[in-house]
Amino acid sequence: MGVLKGIVTVIYVLVCIALTIVVLMQEGKSAGLSGAINGVADTYWGKNKGRSMEGTMEKLTKILAAVFVVLSIVLCLNW
């Protein structure tokens with residue numbers, strides 16, 4: 001069991017590093033009121049956000065966050 005816990009811990013650390021990098025690579029959402037006035041949602045990037053790099057980063061963030069939570073729970077169990 002010690003080897004398995006070591007492997008899970010290494011995967012956990014790699015997920016933590018990857019999650020940090022992905023979050024830092026994302027653009028800020030600080031458009032605020034000026035973004036709403038300019039109609040950012042009606043632009044090409046607003047309509048196709050899921051296919052853009054930013055949409056991919058958001059999906060990857062959600063996946064990595066879910067893996068992070070699951071691994072955290074697994075590591076907290078008493079083996």
Side-chain angles (χ1 to χ4, degrees):
M1 284 295 183
V3 174
L4 185 60
K5 190 170 185 176
I7 292 171
V8 172
T9 303
V10 169
I11 294 171
Y12 181 72
V13 169
L14 293 175
V15 167
C16 290
I17 293 169
L19 184 61
T20 303
I21 291 170
V22 169
V23 168
L24 289 175
M25 287 176 60
Q26 292 182 12
E27 294 179 12
K29 306 271 191 227
S30 63
L33 186 58
S34 64
I37 293 173
N38 291 335
V40 173
D42 294 333
T43 64
Y44 175 78
W45 294 110
K47 292 179 182 177
N48 295 313
K49 189 174 183 181
R51 295 183 210 145
S52 67
M53 184 67 159
E54 185 67 24
T56 305
M57 289 291 183
E58 286 184 15
K59 289 177 189 174
L60 189 57
T61 301
K62 291 176 186 176
I63 292 168
L64 286 172
V67 172
F68 174 81
V69 169
V70 169
L71 288 177
S72 297
I73 293 170
V74 168
L75 285 173
C76 285
L77 296 175
N78 292 327
W79 293 17

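For the numbers below, each heavy atom of this structure counts, side chains included, while hydrogens, waters and symmetry mates do not.
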Among Thr20, Ile63, Val67, which one satisfies side chain to side chain contact (heavy atoms under 4.5 Å, CB included) with Val15?
-> Val67
Under a 4.5 Å side-chain heavy-atom rule over Ile, Leu, Val, Met, Phe, Trp and Tyr, are Leu71 and Val3 clustered together?
-> yes
Cluster link Leu24 to Leu60, ILVMFWY, side chain under 4.5 Å | no
Which pair of heavy atoms, one from Thr9 and one from Leu75, lies closest together, and at what distance?
-> OG1-CD2, 3.6 Å
Same apolar cluster: Val70 and Phe68, side chain cutoff 4.5 Å | yes
Linking I/L/V/M/F/W/Y whenever their side-chain heavy atoms sit closer than 4.5 Å, directly or via other members, would Val10 and Ile17 fall into one cluster?
-> no
Closest contact, heavy atoms only, Thr61 versus Gln26 | OG1-NE2, 2.5 Å
How long is the span from the SG atom in Cys16 to the CD1 atom in Ile21, to the nearest 0.5 Å?
-> 11.5 Å
At what distance, to the nearest 0.5 angstrom, does CG of Leu64 lie from CG of Leu14?
-> 11.0 Å
Spacing of CE belonging to Met25 relative to CE belonging to Met53, to within rounding of 0.5 Å | 5.0 Å
